[in-house]
Amino acid sequence: MVITWRRVARGDFGLLREWLAQPHVARWWHHDTSAEAVARDFGPAARGEEPSEDLLVMLDGTPVALVQRCRFADYPDYRAELTGQIELPDTAVTIDYLLGDPARVGQGLGPRIVRAIVAATWTDHPGASAVVVPVHATNRASWRALEKAGLHRIGTADLAPDNPDDDRTHYVYRIDRPTGEIPAPAAHG
């Protein structure tokens, strides 16, 4: 099974709406699934007007997941929220992710996707020194996927949750750029 990805396009917004409405996604993302909200929140990255990357991840050509990737330096408010709570390199990148199809959950696909995106980050963002990912402390499936993908918990941070029903406790995971290695080119379209 081959994992590939490409940038989200406007034509993908309907699929994103479906995924964001899935209970296993809605619980953590707590995102308005109206057409207007999805266009508002994903449109700027799709049009290249925002520095973040919204990536549609495919398994053997079938869309299965969304990964958002950005440099903390491009989002100073987010960076400021973490600074002082954990060591955050100036050149760190972060990701957020979801598996859209509930039938794909619990099959080890999450860690495979995270591993692939992290490996590609070293090539796609040559200045990135680390990937740092905050995840809500009660989202065990998510932080276990990070651990299985090779990230290590470096601390706990007090951050605004995506879901207002949750408290502010987040675990923070990190993986540093491999030293002395030249990353293989990423398999993405």
Side-chain angles (χ1 to χ4, degrees), residues 3 5 19-20 22-31 51-55 57 59 64-100 102 104-181 183-184 186:
I3 295 173
W5 56 87
W19 287 352
L20 290 165
Q22 292 293 325
H24 74 284
V25 174
R27 164 63 184 94
W28 301 109
W29 280 62
H30 197 72
H31 197 283
S52 67
E53 301 167 278
D54 292 341
L55 307 170
V57 180
L59 184 63
V64 294
L66 170 72
V67 173
Q68 295 180 308
R69 181 172 63 178
C70 69
R71 297 178 326 131
F72 280 100
D74 291 330
Y75 295 89
D77 291 344
Y78 188 30
R79 178 175 172 56
E81 194 176 14
L82 268 175
T83 302
Q85 297 190 65
I86 55 117
E87 180 186 339
L88 185 62
D90 291 339
T91 58
V93 169
T94 191
I95 60 172
D96 201 356
Y97 44 86
L98 64 85
L99 285 178
R104 301 282 188 176
V105 175
Q107 299 177 355
L109 186 56
R112 287 184 58 209
I113 290 170
V114 170
R115 256 191 311 275
I117 293 290
V118 166
T121 298
W122 310 135
T123 302
D124 297 346
H125 297 272
S129 59
V131 175
V132 177
V133 184
V135 63
H136 197 272
T138 59
N139 190 347
R140 186 177 193 280
S142 185
W143 55 259
R144 285 293 295 141
L146 293 170
E147 291 174 351
K148 290 174 185 176
L151 283 81
H152 302 282
R153 189 181 303 175
I154 60 165
T156 303
D158 179 50
L159 303 171
D162 289 332
N163 188 328
D165 291 338
D166 290 328
D167 67 17
R168 296 178 56 90
T169 307
H170 286 70
Y171 294 146
V172 183
Y173 284 81
R174 176 175 169 165
I175 188 167
D176 291 327
R177 175 182 288 279
T179 56
E181 295 180 17

**Prompt:** Just by modelled atom types, is the Cys70 backbone N or O under 3.5 Å from a matching donor or acceptor in the Thr94 side chain?
**Reply:** no
**Prompt:** Is a side-chain donor or acceptor of Gln85 paired with a backbone partner of Asp158 at a separation under 3.5 angstrom?
**Reply:** yes
**Item:** Exercise: identify the closest heavy-atom pair between Thr121 and Arg69
**Value:** OG1-NH1, 3.0 Å
**Message:** Treating Arg177 as the side-chain partner and Ala128 as the backbone partner, does any N or O pair qualify as donor plus acceptor under 3.5 Å?
**Reply:** yes
**Test item: Leu59 and Arg104 side chains (from C-beta on) under 4.5 Å apart, heavy atoms** = yes
**Message:** Could you tell me if the side chain of Val67 sits less than 4.5 Å from the side chain of Trp5, heavy atoms only?
**Reply:** no
**Complete:** In this structure, CG of Leu151 is separated from CG of Asp176 (nearest 0.5 Å) by 9.5 Å
**Prompt:** What heavy-atom pair brings Pro134 and Tyr78 nearest, and what distance separates the two atoms?
**Reply:** CG-OH, 3.3 Å
**Message:** side-chain contact (heavy atoms from CB on, under 4.5 Å) for Ile117 and Val131? Distances and angles first, verdict last.
**Reply:** CA-CA 10 Å; Ile117 293 290; Val131 175; over 6 Å; no
**Interatomic spacing from CZ in Phe72 to CG in Asp90 - rounded to 0.5 Å** = 12.0 Å
**Prompt:** Can we say Arg27 and Asp165 salt-bridge, meaning some charged N sits less than 4.0 Å from an Asp/Glu carboxylate O?
**Reply:** no
**Item:** Distance-only donor-acceptor check, side chains Glu53 and His125, under 3.5 Å
**Value:** yes
**Request:** Would you indicate whether the side-chain heavy atoms of Ser52 and Gln68 approach each other to under 4.5 Å?
**Result:** no
**Asked** Does any pair with a residue in residues 125-146 pass salt bridge (charged side-chain N to carboxylate O under 4.0 Å, His left out), and if so which ones, sequence neighbours excluded?
**Response** Arg144-Glu147
**Asked** Are His30 and Pro161 close enough that some pair of their side-chain heavy atoms sits under 4.5 Å apart?
**Response** no
**Message:** Could you check whether any side-chain heavy atom of Pro51 comes within less than 4.5 Å of a side-chain heavy atom of Tyr75, counting everything from C-beta outward?
**Reply:** yes
**Item:** Minimum-distance pair of heavy atoms, taken over all atoms of Trp19 and Leu98
**Value:** CE3-CD1, 3.8 Å
**Message:** What's the separation between atom CG in Leu159 and atom CZ in Arg168, rounded to the nearest 0.5 Å?
**Reply:** 7.0 Å
**Message:** Set out, in order, the CA-CA distance, both residues' side-chain angles and the distance that settles side-chain contact (heavy atoms from CB on, under 4.5 Å) for Asp166 and Trp28, then state yes or no.
**Reply:** CA-CA 9 Å; Asp166 290 328; Trp28 301 109; 3.8 Å; yes
**Request:** Over all heavy atoms of both residues, which pair between Tyr97 and Ser142 is shortest? Give the atoms and the distance, please.
**Result:** OH-OG, 2.6 Å
**Prompt:** Quick check: does any side chain N or O of Trp29 sit under 3.5 Å from a backbone N or O of Asp162, one acting as donor and the other as acceptor?
**Reply:** no
**Fill in**
When rounded to the nearest 0.5 Å, the distance separating CD1 of Ile95 from CG of Leu66 is 11.0 Å
**Message:** Check whether Glu81 reaches the backbone of Ala160 with its side chain - one donor and one acceptor, N or O, closer than 3.5 Å.
**Reply:** yes
**Message:** Under the rule for side chain to side chain contact (heavy atoms under 4.5 Å, CB included), what residues qualify as partners of Thr83, not counting sequence neighbours?
**Reply:** Arg79, Leu88
**Complete:** Minimal heavy-atom distance between Leu99 and Val25, with the atoms involved, is O-CG2, 3.6 Å
**Message:** Donor-acceptor check, side chain of His136 to backbone of Asp167, threshold 3.5 angstrom: yes or no?
**Reply:** yes
**Prompt:** Nearest heavy-atom pair of Arg174 and Ala130: which atoms, and what distance?
**Reply:** NE-CB, 3.8 Å
